[in-house]
Amino acid sequence: MDLYNADNLTDYLWGASLKSVKLTLPLVTKAQKLFYQQTNLTDVKLTLPKATECYMMLSRCIGLTSVELELPNCRMAQSMFTQCTSLTSITLKLPKAHKAWHVFI
């Protein structure tokens with residue numbers, strides 16, 4: 001997978017079986033549903049400096065316990081953690097998010 005040269009990662013990792021992710025992806029602008037329904041995923045450290053669309057990025061990741069997200073240009077973050085019932089640690093850098101309803105529904 002050529003993640004490092006991609007700019008649109010919409011649904012890109014849906015269906016993969018990941019446990020831990022630590023990535024910096026400087027070109028990504030769209031990351032909606034990036035890790036959607038990754039039930040084995042437990043921790044994520046992700047930096048996407050150009051991403052503007054990140055809604056539902058981690059929705060339905062029921063095993064997710066720890067998240068560190070640096071999304072300085074993300075404007076759309078709605079439903080980002082829908083049904084993430086195991087979360088115990090969250091660090092979010094979303095200074096420009098203005099569409100962020102239901103982030104933790």
I'd like to know if Leu23 and Leu34 are part of one continuous hydrophobic network [Ile/Leu/Val/Met/Phe/Trp/Tyr, side-chain heavy atoms within less than 4.5 Å].
yes
Any side-chain heavy atom of Asn40 sitting closer than 4.5 Å to one from Leu18?
no
Pairwise side-chain contact, Leu69 with Met80, heavy-atom cut-off 4.5 Å (strictly under)
yes
List in chain and number order the residues that pass side chain to side chain donor-acceptor pair (under 3.5 Å) with Asp7, two or more places apart in sequence or in another chain; answer none if no residue qualifies.
none
Decide whether Tyr12 and Val21 are clustered together by the hydrophobic rule: side chain heavy atoms of Ile, Leu, Val, Met, Phe, Trp, Tyr closer than 4.5 Å, transitively.
yes
Spacing of CG belonging to Leu94 relative to CG belonging to Asn73, to within rounding of 0.5 Å:
10.5 Å
Just by distance, do the side chain of Ser79 and the backbone of Ser59 share a donor-acceptor pair under 3.5 Å?
no
Residue set satisfying ring-ring contact (aromatic ring centres under 6.0 Å, His included) with Phe81, at least two apart, ordered chain then number -> Phe104
What donor-acceptor contacts under 3.5 angstrom involve side-chain atoms of residues 44-58, with partners at least two apart or in another chain?
unit_1 : atom_1 : unit_2 : atom_2 : d
Thr52  : OG1    : Thr29  : O      : 3.4
Glu53  : OE1    : Gln32  : NE2    : 3.3

According to a hydrophobic-cluster definition based on side-chain heavy atoms being under 4.5 Å apart (Ile, Leu, Val, Met, Phe, Trp, Tyr only), do Ile62 and Leu87 belong together?
no
To the nearest 0.5 Å, what is the distance between OG1 (Thr65) and CG (Leu41)?
9.0 Å
List the atom of Lys33, the atom of Asp11, and the distance in Å for their closest heavy-atom pair.
CB-OD1, 3.1 Å
Straight-line distance of Thr10 OG1 to Tyr36 OH, nearest 0.5 Å
14.0 Å
Separation between SG (Cys61) and CG (Asp43), nearest 0.5 Å, reads 11.5 Å
Gap between atom NE2 of His98 and atom CE of Met76 - 0.5 Å precision:
7.5 Å
Can you tell me how far CG of Leu25 sits from CG of Asn5, rounded to the nearest 0.5 angstrom?
10.0 Å
